[in-house]
Colleague: 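Shown below is the structure under consideration.
Basis for what follows: all heavy atoms, side chains included, without hydrogens, waters or symmetry-related copies. By convention in this document, chain letters (A, B, ...) are assigned in the order of the sequence lines, proteins followed by strands, and residues within each chain are numbered from 1. Quantities reported herein were computed from a predicted structural model and do not represent experimental measurements.
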Amino acid sequence: MNYWLVKSEPDVYGWHHFIEQGRAVWDGVRNYQARNNLKAMQLDDHVLFYHSVTNIGVVGLAKVAREAYPDPTVPDDLRWVVVELEPVMPLEKIVSLAQIKAEPLLANLSLIRQSRLSVMPVRPDEFELILKMGQSTSAM
DNA sequence: GCCAACGTTGGC
DNA sequence: GCCAACGTTGGC
């Protein structure tokens, strides 16, 4: 089991769109490093869903519903792939970027170190901590 | 709206 | 192969 974080602009494709559709084809990735991360995803891997730009933070938990296959939106360009994701549950409260930055245990997150990467691996301990921070009962 | 960081492109 | 110019992302 591997853990990941994907970014989306909520005005373009937010958590509520994801819930309404029940499944998302994660297309549009045009960065080699992010693509390599998509290719490394395995069925049922857990994925943190992050809102960039506005209402910034981790908002929910998803899982990999289909592993990487060629991006159908660019059939002539075999460099790019998509995965399919399904929602698992929303976090009880958003874990904001400010909270993440304030947490020393998360200082090595790719999110912090490589702010423009849109698909990135997350360590199991980091993943668990972010989920815990998203529980309303946690004392933050 | 601005700007820093970063990736890509193209001239040499 | 280097590097300047340019476009995009994303935080503030």
Side-chain angles (χ1 to χ4, degrees):
Chain A
M1 172 73 72
N2 292 307
Y3 302 93
W4 309 94
L5 182 147
V6 297
K7 289 182 184 175
S8 190
E9 294 190 31
D11 294 340
V12 178
Y13 191 89
W15 178 259
H16 72 280
H17 297 113
F18 189 32
I19 292 294
E20 283 163 15
Q21 285 186 211
R23 181 182 268 238
V25 176
W26 212 257
D27 59 15
V29 171
R30 295 292 181 269
N31 167 283
Y32 289 107
Q33 196 177 349
R35 181 213 52 188
N36 291 343
N37 290 329
L38 287 182
K39 284 185 170 181
M41 287 185 183
Q42 296 180 310
L43 198 63
D44 294 328
D45 276 358
H46 287 182
V47 181
L48 297 170
F49 194 106
Y50 175 89
H51 280 172
S52 63
V53 184
T54 57
N55 299 316
I56 301 170
V58 177
V59 295
L61 177 62
K63 66 175 183 177
V64 176
R66 184 173 169 187
E67 293 177 9
Y69 59 95
D71 188 337
T73 65
V74 282
D76 296 329
D77 190 342
L78 298 177
R79 291 176 297 169
W80 308 116
V81 300
V82 300
V83 297
E84 292 181 12
L85 301 178
E86 284 181 359
V88 174
M89 64 174 189
L91 297 193
E92 292 175 26
K93 57 182 185 182
I94 292 179
V95 178
S96 69
L97 181 61
Q99 281 176 272
I100 290 171
K101 283 184 168 175
E103 173 50 65
L105 293 174
L106 297 176
N108 287 320
L109 262 192
S110 305
L111 184 70
I112 307 299
R113 302 172 63 92
Q114 257 184 291
S115 65
R116 294 185 52 200
L117 186 60
S118 61
V119 181
M120 68 196 75
V122 177
R123 294 204 317 253
D125 58 307
E126 295 165 337
F127 176 85
E128 293 298 336
L129 180 56
I130 290 170
L131 281 192
K132 187 179 294 183
M133 290 165 74
Q135 291 169 4
S136 60
T137 51
S138 84
M140 290 304 296

Colleague: Rounded to whole angstrom units, what separation is found between the CG atom of A:Leu109 and the C1' atom of C:dG11?
Modeller: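 Distance check: A:Leu109 CG to C:dG11 C1' gives 16 Å.
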
Colleague: Using whole Å, what does the distance between atom C1' of nucleotide C:dG10 and atom CD1 of A:Ile56 come to?
Modeller: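 Nearest whole value for this atom pair: 7 Å.
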
Colleague: Short question: side chain of A:Glu84, backbone of A:Arg66 - any donor-acceptor pair under 3.5 Å?
Modeller: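 No, the answer is negative, given that no donor and acceptor are paired below the 3.5 Å cut-off.
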
Colleague: Send over the distance from A:His51 NE2 to C:dC12 P, rounded to a whole Å.
Modeller: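 In whole Å, C:dC12 P and A:His51 NE2 are 17 Å from each other.
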
Colleague: Is a donor on one side and an acceptor on the other found under 3.5 Å between the side chain of A:Ser136 and the backbone of A:Glu92?
Modeller: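 Checked: no pair found.
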
Colleague: Each nucleotide N or O in nucleotides 1-8 of chain C that has a protein N or O under 3.5 Å away: list the pair and distance.
Modeller:
from	atom 1	to	atom 2	distance (Å)
C:dT8	O2	A:Arg116	NH2	2.8

Colleague: Given side chains that start at C-beta, do those of A:Leu5 and A:Glu126 come closer than 4.5 Å, heavy atoms only?
Modeller: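 No, side chains not in contact.
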
Colleague: Would you mind reading off the distance between A:Leu117 atom CG and C:dG10 atom P, rounded to a whole angstrom?
Modeller: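 The answer, rounded to whole Å, is 9 Å.
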
Colleague: With no hydrogens and no angle check, is any side-chain donor or acceptor of A:Glu9 less than 3.5 Å from a backbone partner on A:Asp11?
Modeller: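 A pair under 3.5 Å: no.
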
Colleague: Given atom CG of A:Asn55 and atom P of C:dC12, what is their separation to the nearest angstrom?
Modeller: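 Rounded to whole Å, this separation is 14 Å.
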
Colleague: Let me know the distance between CD of A:Glu9 and P of C:dT9, rounded to the nearest Å.
Modeller: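 Nearest whole value for this atom pair: 8 Å.
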
Colleague: Can you tell me how far P of C:dG10 sits from CZ of A:Arg113, to the nearest Å?
Modeller: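 Rounding to the nearest Å, CZ of A:Arg113 and P of C:dG10 are 18 Å apart.
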
Colleague: Hey, is the side chain of A:Lys7 poking within less than 4.0 Å of OP1 or OP2 on C:dG10, counting only N and O atoms?
Modeller: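 Answer yes for this pair, as a side-chain N or O of A:Lys7 is under 4.0 Å from OP1 or OP2.
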
Colleague: Do any side-chain atoms of residues 39-61 of chain A form donor-acceptor pairs under 3.5 angstrom with protein atoms, and if so which ones, sequence neighbours left out?
Modeller:
from	atom 1	to	atom 2	distance (Å)
A:Asp45	OD1	A:Asn2	N	3.0
A:Asp45	OD2	A:Trp4	NE1	3.0
A:Asp45	OD2	A:Gln42	N	2.9
A:His51	NE2	A:Trp15	N	3.0

Colleague: Salt bridge check: are A:Asp71 and A:Arg35 linked by an N-O gap of less than 4.0 Å?
Modeller: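 No, A:Asp71 and A:Arg35 are not salt-bridged.
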
